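The structure under discussion appears below in the form of C-alpha cells.
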2 protein chains.
Amino acid sequence: MDQDQADRARRARRWVTSADVARAAGVSRAAVSRAFTPGASVAPETRRRILAAAKAVGYRPNALARSLNTRRSGIVGVVITEIANPFYARLLEALGGALQARGLLPLVAVAPDPQATDDLLAHLLSYQVDGVVVASAMLSSGIAARCAAARTPVVLVDRRADAKGPQAALVGADNLGGGRLVADLLAAAGHSRPAFLAGIEATSTSDERERGFTQGLAAQGLVLAAREVGRFTYAGGLEAAQRLLARADRPDAVFCANDEMALGVIDAARTRFGLDIPRDLSVVGFDDTPSAGLAAYRLTTVAQDVAALAQAAVAALEDPAASPRRAAPQWRIPCRLVLRRSARLPEGTVPAD
Amino acid sequence: MDQDQADRARRARRWVTSADVARAAGVSRAAVSRAFTPGASVAPETRRRILAAAKAVGYRPNALARSLNTRRSGIVGVVITEIANPFYARLLEALGGALQARGLLPLVAVAPDPQATDDLLAHLLSYQVDGVVVASAMLSSGIAARCAAARTPVVLVDRRADAKGPQAALVGADNLGGGRLVADLLAAAGHSRPAFLAGIEATSTSDERERGFTQGLAAQGLVLAAREVGRFTYAGGLEAAQRLLARADRPDAVFCANDEMALGVIDAARTRFGLDIPRDLSVVGFDDTPSAGLAAYRLTTVAQDVAALAQAAVAALEDPAASPRRAAPQWRIPCRLVLRRSARLPEGTVPAD
DNA sequence: AGAGGCTTTGCACACGTGTGCAAAGACGCC
DNA sequence: GGCGTCTTTGCACACGTGTGCAAAGCCTCT
C-alpha cells in the first residue's frame with residue numbers, strides 16, 4: 001500500500017512512457033514501439049489497440065530517447081544572422097516549411113556576428129542534428145572538419161566556405177545570371193553609363209552579382225562608369241548615392257547588390273539631387289523585398305526563388321554527397337527579373353504592376 | 001586481435017563518447033561526466049586533465065543523452081507564423097538572442113495557418129522542450145492541457161489564449177497604452193475626425209489598440225469618425241483607404257493597427273485621391289517596421305520594444321508561475337511614440353528624423 | 001495430420017549520459 | 001598513531017526508446 005502510494009507519487013512526476021501504454025494495452029513495450037514505427041512488424045489489430053490505449057493515456061513517443069539509438073534526431077541546425085533582413089526572413093520561413101514537410105524541425109542559432117558562428121555550430125552539433133544549414137556566415141575550416149568527422153551534412157546558403165579545409169555543399173541563387181539579366185535590361189533600354197553599388201567587399205553574393213553584371217555589360221560593349229560600396233544597408237545606399245550622383249559624369253543607371261541599398265539610392269536621388277526616377281536615373285535592386293513593391297518606389301529588381309532555394313537546401317542535406325569532401329557540389333537557382341518602374345523600360349516591354 | 005579489429009571498425013562509425021575520454025585520461029566515465037558539469041565534485045587537477053584529454057580526442061557531451069536524464073533539454077519550442085512579417089522577424093531574432101544568452105536554443109515551428117498550431121506544438125513537445133513560446137497563433141485548450149500535464153511552461157506573445165481551458169502566461173506590448181498615445185497625439189494636433197483601421201477582427205492586438213485609441217479619444221471629447229478593416233496587409237490598407245477616403249465626411253486622420261496597412265493608406269491617399277500627407281490627412285501606424293523610416297513615407301508610428309518583449313518572454317518561461325494554471329500572469333511592455341512626418345505635429349514637438 | 005513457411009510477439013541489449021551511494025583517500029586534531 | 005571529517009572517485013542504476021534474435025502462433029499445402 002505504502003509502496004504503491006510512493007510509486008504513484010513518483011509516476012505523477014514522470015512523463016507518460018511506452019511502458020504505461022504497454023500495460024494499458026496488455027502487450028510488451030516492444031509492441032508499443034513498433035506500433036509507432038511506420039514499417040514495423042505488428043498485426044493491424046494490435047496496432048489499432050495500442051494506438052487507442054496510447055491516445056487514452058496521452059502518450060507520445062519521446063523524440064529525444066528515440067533519437068538516441070536511431071541516430072537520427074529529426075533536427076536540422078540552422079545558423080543565420082540578421083533575420084530582420086527581409087530576404088533572410090523569407091528564407092527562414094521557406095526553410096522551415098520545407099523541413100517540416102519532411103518531418104524535420106529547424107534548431108535555429110542566431111549569430112550576432114560571423115565570428116560567433118563556430119561556437120553556435122558546436123552547440124547545435126551537440127544535439128546530434130541531422131544536418132546543418134548555414135546562411136549568411138562563414139564556415140571556418142575547423143568546424144567544417146568537425147562536421148565531417150561527425151558525418152553531418154552541411155549546406156551553405158548564398159555563402160562560400162573558407163577556402164582552406166573541406167568544402168561544404170553550396171546552394172545559392174544564380175547571382176551571375178541575375179547580374180547579366182540586369183546588364184541586358186539596362187543595355188536594351190539604351191543606358192550608356194551604368195554604375196554598380198556593391199554590398200560588402202569579399203562577399204560572394206555581392207561579388208558574383210558584380211561579375212555577372214560587368215560580364216553582361218562587356219558583352220553589350222559597355223563598361224562600368226562608376227562603383228561604390230553600400231554595406232547592404234539603406235543608410236549605406238543613401239551615402240553611396242551622395243558620392244555617385246555628385247560626379248561630373250553622373251551615371252544614368254545604378255544596379256545595387258540588394259534592394260535596401262536601392263531604396264536608399266532612390267531617396268537620395270530624389271530628395272538631394274531632385275532627380276526623377278527613372279527619367280534621369282534608372283535604379284535596379286536585388287532580392288525583391290516586400291518594400292520593393294511599394295507605390296512610392298516600384299523598384300525594378302531581380303527576384304530570387306526563395307522557395308526553390310529552401311527546397312534545394314533540404315535536398316542537398318539529404319543527399320549524402322553533401323557531406324564535406326573534396327569536390328563540393330553546387331546548386332544554383334535561376335533568378336527572375338521583376339520589371340517595375342524604377343528603371344527605364346526597353347521598347348515593347350510592360351511593367352509587372 | 002580479430003576482436004580488437006572489429007571493435008575498432010565499429011568505433012570508427014560511432015561518435016566520440018565519454019568512455020573514450022575516460023580511457024584516454026585514465027579515469028572513470030563518471031569523472032568525465034562531472035568534469036563537464038559546472039558545480040560537480042571533481043578535483044581541479046583531475047578536471048583539467050580530463051578536459052585536456054577531451055579536447056585531444058574531440059569530445060563534446062551528447063546533449064540528447066544528457067537531456068534524457070536531466071529532464072532539461074535546453075530547447076525551447078517557438079511557434080510562429082509569417083516570419084516574413086518584419087515585426088515577427090525582429091521578434092524571432094530578439095528571442096533567439098535572449099534564449100542563447102541563457103544557454104537555450106529555439107526549436108522553431110512555422111505555422112502555415114493557425115489551425116496547424118496544434119500538430120506543430122505536439123511535435124515540439126515530443127522533444128521535451130523546456131518551454132514553448134507561441135507567437136501569432138491561437139493556443140487551443142486541448143494542447144494547453146497537454147502542456148500543463150507535461151509541466152511545460154507556455155508563453156503567448158501578443159495573443160490571447162482560447163477562453164476555455166487553462167490559461168497560459170501572456171507577454172505583449174501595452175497595446176492599450178499605445179492606442180492612447182496616438183489618441184493624445186491626434187487630439188493635440190487638432191484633429192476632429194479620427195478613423196481607425198483594424199487588422200483582423202477578434203485579434204487581441206487589433207482589438208486592444210482600438211480600445212486604447214477610442215478610450216483616449218473619449219477622454220479628449222472625440223469620437224471615432226469611421227472604421228474599416230484591412231487584414232494587416234498593404235493591399236488591405238489600399239482597399240480600406242479607398243472606402244475610407246471616398247466618404248463625404250472624410251476623416252482627417254487614420255490610425256492603423258499596423259505599419260503595412262498604414263503604408264497602403266498613404267499610397268492610396270496620394271495616388272488615388274491626390275492628398276498631401278500630412279496636410280490633408282494624418283496617418284499613424286504601429287510596430288515601427290523598417291519601411292516606416294523610408295524617406296518616401298516617414299511614418300509616425302508606435303514602436304514596440306522588441307528586445308524587452310523577448311526578454312520578458314524568456315523570463316516568463318523560467319518563472320514557474322508561467323505554467324498553465326487558473327490565474328494567467330501578464331507582462332505588458334510599454335510602447336513608445338515615434339514622431340515622423342506622416343502625421344501633423346502638435347505645437348512645439350519635433351520629429352525624430 | 002504433419003511439415004514448412006510466414007507473421008507476430010517478447011526478451012534483452014544498446015544508445016550516451018547524470019547521479020546517489022558507498023568506499024577510499026587526504027588531512028587536521030588530540 | 002588513531003580518530004573523525006571532508007574531499008574525491010568509481011560502481012551501478014536510471015532516463016525512454018529501437019531492434020536483432022529467437023520463440024510462438026497461424027495458415028497452407030501435401
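Labels below follow one simple rule: chain letters A, B, ... track the order of the sequence lines, proteins then strands, and each chain is numbered from 1. In this text, all values refer to a predicted model and were calculated from it rather than measured experimentally.
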Task: Heavy-atom closest contact (A/Val157 atom, A/Ala313 atom, distance) - done: CG2-CB, 4.2 Å

Open item on the list: Tell me the interatomic distance from B/Arg47, atom CZ, to D/dT8, atom P, rounded to whole angstroms.
Closed with: 10 Å

Task: Atom-to-atom span, CZ of A/Arg49 to C1' of C/dT9 - whole angstrom - done: 11 Å

Task: Between P of C/dT7 and CD of A/Glu45, the distance in whole Å - done: 18 Å

Task: Phosphate OP1/OP2 of D/dT17: any A/Thr70 side-chain N/O under 4.0 Å - done: no

Task: Value in whole Å for how far the C1' atom of C/dG16 lies from CG of A/Leu64 - done: 12 Å

Open item on the list: Categorize A/Val32 for me: base, sugar-phosphate, or nothing, with a 4.0 angstrom heavy-atom threshold over every strand shown.
Closed with: nothing

Open item on the list: Mind checking if B/Thr46 touches a base, just sugar-phosphate, or nothing, with heavy atoms under 4.0 Å?
Closed with: sugar-phosphate

TODO: Would you classify A/Ser33 as touching base, sugar-phosphate or nothing, given that sugar-phosphate means primed atoms plus P, OP1 and OP2, and contacts are heavy atoms under 4.0 Å?
DONE: base

- [ ] Look up atom CG in A/Leu64 and atom CG in B/Asn62, then write down how far apart they are to the nearest 0.5 Å.
- [x] 9.0 Å

TODO: Answer yes or no: are there more than 12 heavy-atom neighbours, outside A/Arg102 itself, under 6.0 Å from its atom CZ?
DONE: yes

TODO: State which of C/dC11, C/dT17, D/dT9 makes the closest approach to the side chain of A/Arg34.
DONE: C/dC11

Task: Which nucleotide in D/dT9, C/dG16, D/dG10 has an atom nearest any side-chain atom of B/Leu68 - done: C/dG16

Open item on the list: Contact between A/Asp130 and A/Ser73 at the side-chain level, heavy atoms closer than 4.5 Å - yes or no?
Closed with: yes

- [ ] Indicate whether OP1 or OP2 belonging to D/dG18 is found under 4.0 Å from a side-chain N or O atom of A/Arg71.
- [x] no

Open item on the list: Distance check needed: D/dT8 C1' versus B/Arg48 CZ, whole Å only.
Closed with: 17 Å

- [ ] Of all the heavy-atom pairs spanning B/Ala109 and B/Leu120, show the shortest one and how long it is.
- [x] CB-CB, 3.9 Å

Open item on the list: Quick check on C/dG16: is either OP1 or OP2 less than 4.0 Å from any side-chain nitrogen or oxygen of B/Ser18?
Closed with: no

Open item on the list: Between the side chains of B/Arg90 and B/Glu93, is the shortest nitrogen-to-carboxylate-oxygen separation below 4.0 Å, so that they form an ion pair?
Closed with: no

- [ ] Look at the side chain of A/Ala31 and decide which nucleotide, out of C/dG10, D/dT19, C/dG18, has an atom nearest to it.
- [x] C/dG10

- [ ] Look at the side chain of A/Ala65 and decide which nucleotide, out of D/dG18, D/dG16, D/dG10, has an atom nearest to it.
- [x] D/dG16

Open item on the list: Is the phosphate of C/dT17 approached by B/Tyr59 (side-chain N or O, under 4.0 Å from OP1 or OP2)?
Closed with: yes

Task: Between P of D/dG16 and CD of A/Gln128, the distance in whole Å - done: 19 Å

- [ ] Please confirm whether any donor atom in the side chain of B/Asn69 sits under 3.5 Å from an acceptor in the base of C/dT17, or the reverse.
- [x] yes

- [ ] Determine the contact category for B/Ala30: base if any of its heavy atoms lies under 4.0 Å from a base atom, sugar-phosphate if only primed atoms, P, OP1 or OP2 are that close, otherwise nothing.
- [x] base

Open item on the list: With a 3.5 Å cut-off and heavy atoms only, can you find an N or O donor on one side and an acceptor on the other between the side chain of A/Arg72 and the base of D/dG18?
Closed with: no

Task: Pair of N/O donor and acceptor under 3.5 Å linking C/dG18 base with B/Arg29 side chain - done: yes

- [ ] Pick base, sugar-phosphate or nothing for B/Ser41, based on heavy-atom distances below 4.0 Å to the nucleic acid.
- [x] base

TODO: State which of C/dT9, C/dG16, D/dG18 makes the closest approach to the side chain of A/Arg66.
DONE: D/dG18

